[in-house]
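Just follow the structure's listing: the first ligand is 1, and inside any ligand the first atom is 1. Note that the structure is a prediction, hence the values are computed from the model and not measured. One is the number of the first residue; the rest follow in order along the sequence.
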Amino acid sequence: MAQKISAPRGTRDLLPEDALAWERVEAVVRDLSARYGFERIDTPLFERTELFARGLGESSDAVEKEMFRVSGGKGSEEELSEWALRPEPTAGIVRAYVEHGLHVRPSPLRLWTMGPMFRYARPQAGRYRQFTQWDVEVIGDPGPMVDAELIELAHRFYAQVGLRGVVAQLNSIGDGVCRPRFREALLAYFTPLADRLSADSQHRLRVNPLRVLDDKELDPALAAGAPKSLDYLCDACRAHFDGLRELLDRLQLPFAINHRLVRGLDYYTRTTVEFYVAGREGQQDALGGGGRYDGLIEVLGGQPAAAIGFGLGIDRTVIAAQAQGAGGERGPSVLAVVSASPNALAGRLRIATALRDAGVPVRVDGLSRKLGRQLESAVKAGAGWALILNDPEGERLTLRDLASGEQRDLALDQVPAALSP
Ligand code: HAM
């Protein structure tokens, strides 16, 4: 026998038994995207590496350690470094916004997308090299009302997919006016303590001191004493954050302030947010996250515009909902077309086709075998009913309820009505 080939590490096959839970989440995504007035955008799965380097920041893990490079046909050094699979969609969406001059459209622009993202990290439970996000972006709205609206939207999404106990963590990391002071304070605090930091954090301290705070190996005692971004906000950032908190209170949406929530991508300003199942607030378990990125559009060559968005991890959401027992229901019942005569394949296909024309979900038995075997196989496949052709052309038909065994004779045009509850 030839050697088997397995799926790449860190990827998942979505088998038919998982598809129903997944489709249910997709239906919620489509419903909410429309209900909140978002328009769909789809950008390529790969982009120029430079887009991610400039957009997400050279020091972000996604760029520095996890970039999934794609080679051109010949795979020369130059081609290898030119493109990468997208680690996240925001940079690509902003690239498209700038490239197509979308700033001339009525503002704010509300966009959504859903699709696979790629990060070449060490695979672990809940961390994959290919994973799917639902992403929403609002460009041209300085907030804070839209910040609250998006947090409410995320909560509604989790409630609607049947996930209970989701909590929002919130922080503000300031902007170009006040962040430099916060950065200086972090440097002043951590530099004398550098030998107590992980090698990773010692590097972060040099390139982006904020990211020391989201090192999961950081000694909690050091973290507790570290400067807090909220203490360094300028008046405008402070007013924005206070406004957001008040709106969340008015909507009765609970949130916890997390001073270490600086996020892993460099484009954030002001609001940062992450969602967790309560009690599972570890870094690998974020169900979703996002925040404001008021400077990114300018960094990518566009007219400055305030913007905010989030990405919700669909894989983690489905897994968490299943762990809570949600989404175990069965799909719509199918009718199996079978026949008394083992060889009446043409008759079965003709009847199945006519029923499909009438909108009935049908599977048709294509094997020449006895009626008993055809029925057994229909039950195993989860069909709710069998339509039995009593003669090769199906002049005489019998409908059988496969759960109760009840059956009755009927004409073909009576079948759709007989199946409706
Ligand atoms: P992010 O926090 O990097 O943000 O990713 C958002 C979500 O994607 C995470 O909370 C998690 O649920 C899921 N996710 C990330 N990496 C993995 C992985 N390796 N395996 C499974 N799930 C994963 C962003 O990507 C930003 N673009 C969000 C955003 C949009 N900010 C503004 N607009």
Protein heavy-atom partner closest to atom 31 (N) of ligand 1 - residue, atom, separation in Å: Y268 OH, 2.7 Å
Protein residue, atom and distance nearest to atom 14 (N) of ligand 1, heavy-atom basis: F131 CE1, 3.4 Å
Close approach, F275 and ligand 1, non-hydrogen under 4.0 angstrom: no
Minimal non-hydrogen separation, L230 against H259, with atom names: CD1-CE1, 3.9 Å
For atom 32 (C) of ligand 1, the protein heavy atom that lies nearest, with its residue and separation: G309 O, 3.2 Å
Residue pair T90 / E137, side-chain donor-acceptor N/O under 3.5 Å: yes
More than 12 heavy atoms of other groups within 6.0 Å of R373 CZ: no
Residue and atom name of the nearest protein heavy atom (relative to atom 20 (N) of ligand 1), distance in Å to one decimal: Y128 N, 2.9 Å
Nearest candidate to atom 1 (P) of ligand 1, where distance is taken over non-hydrogen atoms, out of E274, R263, E88, Q130: R263
Nearest neighbour of atom 7 (C) of ligand 1 from the list G264, A121, G311, on a heavy-atom basis: G311
Ligand-side contact atoms (ligand 1) for residue partner G288, heavy atom cut-off under 4.0 Å: 10 (O), 12 (O)
Side chain to side chain, L197 and H203, heavy atoms closer than 4.5 Å: no
Heavy-atom nearest option to atom 11 (C) of ligand 1, drawn from G10, G126, A286: A286
Salt bridge present between R48 and E82 (N-O < 4.0 angstrom): yes
Close-contact set for ligand 1 against D135 heavy atoms, below 4.0 Å: 30 (C)
Atoms of ligand 1 close to R127 [distance to a heavy atom under 4.0 angstrom, numbered from 1]: 18 (C), 19 (N), 20 (N)
Heteroatom distance test (Q133, ligand 1): nitrogen or oxygen, under 3.5 angstrom: yes
Salt bridge (Lys or Arg N to Asp or Glu O under 4.0 Å) partner of D200, the single match among R206, K65, R211, K216: K65
Ligand-residue contact atoms, ligand 1 with Y267, heavy atoms, under 4.0 Å: 26 (C), 27 (N), 29 (C), 31 (N)
Within 6.0 Å of CZ in R245, more than 12 heavy atoms from elsewhere: no
Contact atoms of ligand 1, heavy-atom distance to L287 under 4.0 Å: 10 (O), 12 (O)
Protein contact of atom 13 (C) of ligand 1 - nearest heavy atom, named by residue and atom, plus distance: G313 CA, 3.8 Å
Sole residue of W83, Y120, F52 in ring pair (Phe, Tyr, Trp, His ring centres under 6.0 Å) with F68: Y120
Side chains of Q160 and D31, donor plus acceptor under 3.5 Å: yes
E137: numbered ligand 1 atoms lying under 4.0 Å from its heavy atoms: 30 (C), 32 (C), 33 (N)
R204 and D61 ion-paired at < 4.0 Å: yes
